[in-house]
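Please read the structure below before turning to the comments.
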Amino acid sequence: MIKNEFKPIKKKSKKSIYAIVEAIHSKVSLSEEKFTLLGLRDGYLGLSLFKFHLAEYTNDASLTEEANTLIERAFDDLNNEYVSGTLYAELLELGWYLEYCRRKKWIDTDVNAILTDIDSLLFDLMDDEKEKLNYDPITGVLGYAFYVFSRIDAQPSYVQKIEEVVEFIFSIKVENEDNSCHWISKLKEKDQVYLGITHGSAAIILFLRKAFDFIQSEELKKEITHTIEKACRYIKNSEYDSHYLVFPIVKEELKYSSTYSKNYCYGDFSTIYSLYLGYQFLGDKEGMEYAKTCLLSAHARGYEKPFLDSGKSLLYGHAGLAMLLRSLYKQSNEDEILPIYNDRIDFLINSFDPCDEFLGYKGYWNQSLEHTNYSFFEGLIGIGIELLASIDKKQAFMYEEFFFLES
């Protein structure tokens with residue numbers, strides 16, 4: 001696998017991007033009371049991540065101190081009977097974030113000692129999801145499995161957990177007559193087949209691709225290769241003949257909708273991302289060229305109606321597309337990806353409005369929640385980090401792993 005040296009966007013944008021990031025930092029720092037949750041996705045650990053990355057870029061020690069204080073707050077809250085409807089998910093996010101901080105050398109803490117008991121709980125929860133046949137990366141087994149990847153360096157025995165998940169994925173695989181395969185999502189009451197990265201085949205391809213490097217069994221490795229090949233074939237065979245989207249989001253659905261999602265969470269880009277990396281894993285140059293053609297086609301179809309503009313966030317908006325394209329560019333030799341990435345960054349720059357309550361970056365979904373427009377996944381923090389990543393020459397931004405992407 002060849003990684004391109006990441007080339008930041010044109011120099012004339014650097015000053016304006018940093019001004020936007022500073023404005024975002026001021027906004028979220030003044031709104032810290034909005035972060036009542038602990039987690040990385042929606043809580044104040046996301047703010048800690050932002051401050052650490054900004055400190056890394058600016059060499060501002062005060063930001064590092066503030067970021068550490070937020071981590072200390074998390075432990076204080078947990079020691080004082082912290083209660084949340086998403087507690088287990090937040091514990092996973094805490095563990096994953098601490099591992100990220102350890103690798104970045106941001107903290108000097110025995111992370112392994114802290115996480116051992118949390119890991120035991122998370123493994124029990126993962127087994128519960130296996131019983132439900134729920135592979136989903138957001139609500140099920142794969143979310144825990146991607147966390148386990150972050151822990152293997154400290155706990156090599158956890159490779160066994162990855163092998164168990166691989167076997168689970170094989171056990172629920174649906175084989176098709178055209179020598180392809182797919183998986184049935186348990187996200188909703190109705191059985192459905194998703195293709196994308198948050199609920200579907202794309203996430204499974206990325207998991208298996210990553211698991212291959214840790215597994216010793218040649219038999220399992222062979223089966224991983226065959227499964228990725230079949231999953232890529234299924235996605236390719238699902239391409240629309242003529243449609244606004246290149247691929248369906250859910251098989252047999254949304255073909256005649258009035259709007260179509262086009263973001264990291266739902267839509268063509270994450271499906272194509274996984275398809276390209278699947279073919280790359282297989283050494284299939286023709287397949288990689290096909291995936292690149294799909295990407296160029298998806299971009300050429302634009303971002304205006306009938307595509308749903310769900311804001312600018314990492315999860316649902318244009319920052320997430322930029323993150324995904326940046327990751328794909330670094331993993332490939334495809335120079336055609338860079339201008340598509342720059343196009344999304346330019347869009348974010350041009351959306352900035354210093355007079356707006358949310359600086360021109362108000363979200364679309366979940367507006368009843370106070371933290372939404374500020375959070376890492378759905379709000380200003382995520383947008384700010386991705387903008388900062390666009391002018392980072394050191395390739396120090398690896399947070400896309402929290403979105404199951406290659407960093």
Side-chain angles (χ1 to χ4, degrees), residues 6 28 35 37-58 63-75 78 86 88-119 122 137-138 142-156 158 161-162 197 203 206-207 210 213-214 264 314-315 319-320 323-324 326-327 330-331 375-379 381-389 392 394-407:
F6 183 65
V28 296
F35 296 97
L37 296 175
L38 177 153
L40 185 68
R41 174 175 175 160
D42 297 321
Y44 54 77
L45 288 180
L47 181 56
S48 174
L49 173 68
F50 182 32
K51 288 179 180 291
F52 267 132
H53 269 307
L54 188 55
E56 193 171 42
Y57 186 82
T58 62
L63 289 170
T64 300
E65 185 177 344
E66 291 170 12
N68 271 305
T69 298
L70 288 166
I71 293 176
E72 292 169 3
R73 174 183 166 187
F75 288 111
L78 289 172
T86 56
Y88 294 149
E90 290 177 77
L91 287 175
L92 186 152
E93 292 165 20
L94 170 64
W96 201 344
Y97 179 50
L98 290 176
E99 277 291 353
Y100 185 82
C101 290
R102 181 188 63 81
R103 280 183 277 123
K104 297 285 290 178
K105 296 181 170 58
W106 288 343
I107 58 175
D108 183 18
T109 304
D110 188 349
V111 171
N112 198 46
I114 294 170
L115 295 182
T116 300
D117 289 341
I118 292 178
D119 289 348
L122 295 178
I138 302 298
L142 286 183
Y144 297 103
F146 276 98
Y147 164 70
V148 173
F149 283 135
S150 76
R151 295 281 290 128
I152 288 176
D153 180 50
Q155 291 279 20
Y158 285 5
K161 294 296 179 182
I162 295 299
I197 205 166
L206 294 179
F207 165 74
K210 197 173 185 71
D213 292 332
F214 293 97
Y264 160 83
L314 288 175
L315 187 61
M323 171 185 65
L324 190 151
R326 178 171 54 84
S327 172
K330 289 194 294 182
Q331 298 299 320
S375 68
F376 175 39
F377 267 43
E378 292 189 58
I381 286 173
I383 296 166
I385 294 177
E386 184 55 41
L387 285 171
L388 203 55
D392 166 50
K394 300 177 183 177
Q395 298 190 44
F397 291 72
M398 302 178 292
Y399 68 87
E400 52 264 36
E401 70 177 71
F402 300 122
F403 293 81
F404 321 121
L405 303 179
E406 293 288 342
S407 58

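For this chain, numbers begin at 1 and follow the sequence in order.
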Which value, rounded to the nearest 0.5 Å, describes the distance between Leu37 atom CG and Asp42 atom CG?
6.0 Å
Where do Phe403 and Phe377 land on the ring-ring contact (aromatic ring centres under 6.0 Å, His included) test, with the steps shown first?
CA-CA 9 Å; Phe403 293 81; Phe377 267 43; 4.3 Å; yes
Strictly by modelled atom types, are Arg102 and Asn112 linked by a side-chain donor-acceptor pair under 3.5 Å?
no
Between Arg41 and Glu93, is the closest basic N to carboxylate O distance under 4.0 Å?
no
To the nearest 0.5 angstrom, please state how far the CG atom of Leu98 sits from the CG atom of Leu45.
7.5 Å
Minimal heavy-atom distance between Ile162 and Ala145, with the atoms involved, is CD1-O, 3.7 Å
Charged tip of Lys210 within 45° of Phe149 ring normal and under 6.0 Å:
yes
Show the nearest heavy-atom pair for residues Ser375 and Phe35, with the distance to one decimal.
CA-CE2, 4.1 Å
Exercise: identify the closest heavy-atom pair between Cys101 and Ile71:
SG-CD1, 4.2 Å
Quick check for you: to the nearest 0.5 Å, what is the distance between Tyr147 atom OH and Ile152 atom CD1?
11.5 Å
Measuring from atom CG of Leu92 to atom CZ of Phe402, what distance do you get when rounded to the nearest 0.5 angstrom?
10.0 Å
Can you tell me how the ring of Phe146 sits relative to the ring of Phe404, calling it parallel under 30°, perpendicular over 60° and tilted otherwise?
tilted
Heavy-atom side-chain contact between Tyr399 and Ser407 under 4.5 Å:
no
Test side-chain contact (heavy atoms from CB on, under 4.5 Å) applied to Ser150 and Tyr158, Trp96, Tyr97, the passing residue
Trp96
Provide the closest heavy-atom pair for Thr64 versus Ala55 in the form atom of the first, atom of the second, distance.
OG1-CB, 3.4 Å
Any side-chain heavy-atom pair of Tyr88 and Ile118 under 4.5 Å:
no
Residues Glu56 and Lys104 bridged, charged N to O under 4.0 Å:
yes
Surrounding CG of Asp110 (heavy atoms of other residues, nucleotides or ligands, distance under 6.0 Å), is the total greater than 12?
yes
With distance as the sole test, does Ser327 use its side chain to make a donor-acceptor pair with the main-chain N or O of Met323 at under 3.5 Å?
no
Could you walk me through whether Glu401 and Arg103 pass the side-chain contact (heavy atoms from CB on, under 4.5 Å) test, one step at a time?
CA-CA 13 Å; Glu401 70 177 71; Arg103 280 183 277 123; 2.8 Å; yes
Does Glu406 come within less than 4.0 Å of Lys330, counting only side-chain N to carboxylate O?
no
Inter-residue atom distance Ile385.CD1 - Asp392.CG, 0.5 Å rounding:
12.0 Å
Around atom CD of Gln155, are there more than 12 heavy atoms of other residues, nucleotides or ligands at under 6.0 Å?
yes
Yes or no on side-chain contact (heavy atoms from CB on, under 4.5 Å) for Leu405 and Ile197, after CA distance, side-chain angles and deciding distance?
CA-CA 9 Å; Leu405 303 179; Ile197 205 166; 3.4 Å; yes
Give me the atom names and distance for the closest heavy-atom approach of Thr86 to Glu90.
OG1-OE2, 2.7 Å
Looking only at heavy atoms, what is the nearest atom pair of Leu40 and Phe376, with distance?
O-CB, 3.3 Å
Non-hydrogen side-chain atoms of Lys161 and Arg151 separated by less than 4.5 Å:
no
Would you say Leu314 and Glu386 make side-chain contact, with heavy atoms under 4.5 Å?
yes
Between Phe397 and His53, how do the two ring planes meet: parallel, tilted or perpendicular, split at 30° and 60°?
parallel
Using a 4.5 Å cut-off on heavy atoms from C-beta on, say whether the side chain of Asp119 contacts that of Val148.
no
Go through the steps to decide whether Leu49 and Trp106 satisfy the test side-chain contact (heavy atoms from CB on, under 4.5 Å), and finish with yes or no.
CA-CA 10 Å; Leu49 173 68; Trp106 288 343; 4.0 Å; yes
Enter the distance from Ile107:CD1 to Tyr100:OH here, rounded to the nearest 0.5 Å.
12.5 Å
